[in-house]
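Notes for the one structure printed next.
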There are 2 protein chains.
Amino acid sequence: MSMNVRTLCLGVLTAGEASGYEIKKDIEEGMFSHFIDASFGSIYPALTQLAGEGLLTVRAEEQTGKPDKKVYAITAKGRAALAASIAVLPARDKYKSEFLFQMLLQEYLTPQMMLAAVDKQLNDLNGDLARIAGCICSEQPHKGARFVADYGEAVLTAAVNVLNEKKAELLRLTTAQAAE
Amino acid sequence: MSMNVRTLCLGVLTAGEASGYEIKKDIEEGMFSHFIDASFGSIYPALTQLAGEGLLTVRAEEQTGKPDKKVYAITAKGRAALAASIAVLPARDKYKSEFLFQMLLQEYLTPQMMLAAVDKQLNDLNGDLARIAGCICSEQPHKGARFVADYGEAVLTAAVNVLNEKKAELLRLTTAQAAE
DNA sequence: TGATGCATGTAATCCGTTACATGATTCA
DNA sequence: TGAATCATGTAACGGATTACATGCATCA
């Protein structure tokens, strides 16, 4: 499966028609957010392309007080293409973490910087958790939303728990060091 | 912090001198493996560049029965550059998962494909866990190895647990459906 | 004899991000 | 008045992957 922006757009549009702008918001705030990224620079060209291939339909919607928008909807052909795209064993998850890189090389970091990094990570994780909780409350058109939410919640919660332990340990060490 | 291949190479080399080939192996099999990726096509040019800037030293090592190798070691200047690189709040973790994408869109997947995907994921996760366990047993030059290993283990274990639950649920449903 | 591991490197290509361009409306 | 939200799009640029090129040793 080539999980590129094309496939992503098709996937988002299975939940209902949307404009490029709304798709971006969906990716940032919705269920997709914690395992995918995409910018306008890739979404808009992808939509134009998909519509040209008949996988999407376009409709211009005039709005008062706001710019017009192009509302895209997935076609039968588009659904078929999506199904074909995901009918393959998924590629291995890709996880990139500057945070863990820093933690591994903590001898090159001051205790303050390390603490700041841990706090930031904790903040990010809690933000993700809140987002998932929010998604699951709102109407979810996807059958798999429960699956993804449970998976995400479990993983993020585990991360928060270890981090809190590590942070406490760190604080004990640094205060002990400061008392010397 | 720009966690590019340059910084990554510097980081790996703090554990001791190594050739490009060995760095790649380290990234694949060592502590770095579960939160970073890099290919030869990016490692070799990066090493040449870093050596040119005086952040690394090179030494050609002749080997019998094997091709010669270029052994790189980090310099004081290199350590300083590394420290400078990581002396910034880390960027948000990036996580891409075709697996979760498929699970979210499970209505476009057959139960068999879904089960296959779950099994593959479970396999990948268990592989990662085994790798972490292996790393921690072998001599670890990094202070932060414990931190990273604990974090990784917690997260991966949580993922395995949810997945096993989900899989059991899935099997119940599919066998019930088959019995109809 | 054919795959796999060791070992290095380059060029083509891809896929995406960032920055730029444009413009109205609303809220502080 | 300045920032933020809504809205679409393009062009430049970057960073890495993939594929290719080379070659010897070992193991099945």
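In the text below, chain A, chain B and the rest are named by the order of the sequence lines, each starting its count at 1.
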DNA chain C: first to last nucleotide in contact with chain A (atom under 4.0 angstrom from a heavy atom), 5' to 3', is C:dG16 to C:dT25
Set out, line by line, the N/O atom pairs under 3.5 Å between protein and nucleotides 22-27 of chain D.
unit_1	atom_1	unit_2	atom_2	d
D:dA25	O4'	B:Gly65	O	3.3

Hey, is CZ on A:Arg146 packed in by over 12 heavy atoms from elsewhere, all under 6.0 Å?
no
Closer to the 5' end of DNA chain D via nearest nucleotide, is it A:Lys25 or B:Arg6?
A:Lys25
What is the separation between atom CG on B:Asn4 and atom C1' on D:dC13, rounded to the nearest whole Å?
15 Å
Considering all heavy atoms, the nearest A:Leu125-A:Ala159 contact:
CD1-CB, 3.8 Å
Where do B:Leu13 and B:Ala18 come nearest, in terms of heavy atoms and distance?
CD2-N, 3.6 Å
Does B:Thr157 have any side-chain contact (heavy atoms from CB on, under 4.5 Å) partners at least two apart in sequence or in another chain, and if so, which?
B:Leu129, B:Glu153, B:Asn161
List in chain and number order the residues that pass ring pair (Phe, Tyr, Trp, His ring centres under 6.0 Å) with A:Tyr44, two or more places apart in sequence or in another chain; answer none if no residue qualifies.
A:Phe40
Can you list everything that forms a side-chain hydrogen bond (donor to acceptor under 3.5 Å, both in side chains) with B:Tyr151? Sequence neighbours excluded, please.
A:Gln121
Count I, L, V, M, F, W, Y as connected when their side-chain heavy atoms are under 4.5 Å apart, and connections chain through other members. Are A:Val162 and A:Val118 then in the same cluster?
no
Over all heavy atoms of both residues, which pair between A:Thr7 and B:Phe101 is shortest? Give the atoms and the distance, please.
O-CZ, 3.5 Å
Enumerate, atom names and distances included, each donor-acceptor pair closer than 3.5 Å involving a side-chain atom of residues 25-33 of chain B, sequence neighbours excluded.
unit_1	atom_1	unit_2	atom_2	d
B:Glu28	OE2	B:Lys24	NZ	3.0
B:Ser33	OG	B:Gly30	O	2.7
B:Ser33	OG	B:Arg131	NH1	2.2

Sorted by number, residues from residues 31-57 of chain B placing a heavy atom under 4.0 Å from DNA chain C are B:Gly41, B:Tyr44
Could you identify which residues of residues 10-24 of chain A place a heavy atom less than 4.0 Å from some atom of DNA chain D, listed by residue number, or say none?
A:Ser19, A:Gly20, A:Tyr21
Considering residues at least two apart in sequence or located in another chain, which fulfil the salt bridge (Lys or Arg N to Asp or Glu O under 4.0 Å) criterion with B:Asp124?
A:Arg92, B:Lys120
Using side-chain contact (heavy atoms from CB on, under 4.5 Å) as the criterion, list what pairs up with B:Ala80, not counting sequence neighbours.
none
Considering only distance and modelled atom types, tabulate donor-acceptor pairs under 3.5 Å from the side chains of residues 164-171 of chain A, sequence neighbours left out.
unit_1	atom_1	unit_2	atom_2	d
A:Asn164	ND2	A:Val160	O	3.3
A:Lys166	NZ	B:Asp150	OD2	2.7
A:Lys167	NZ	A:Asp119	OD1	2.9

Quickly work out the B:Leu8 CG to D:dG15 P distance and round it to whole Å.
14 Å
Taking only residues two or more places apart in sequence, or in another chain, which ones meet B:Gln63 in a side-chain contact (heavy atoms from CB on, under 4.5 Å)?
B:Glu61, B:Lys66, B:Lys69
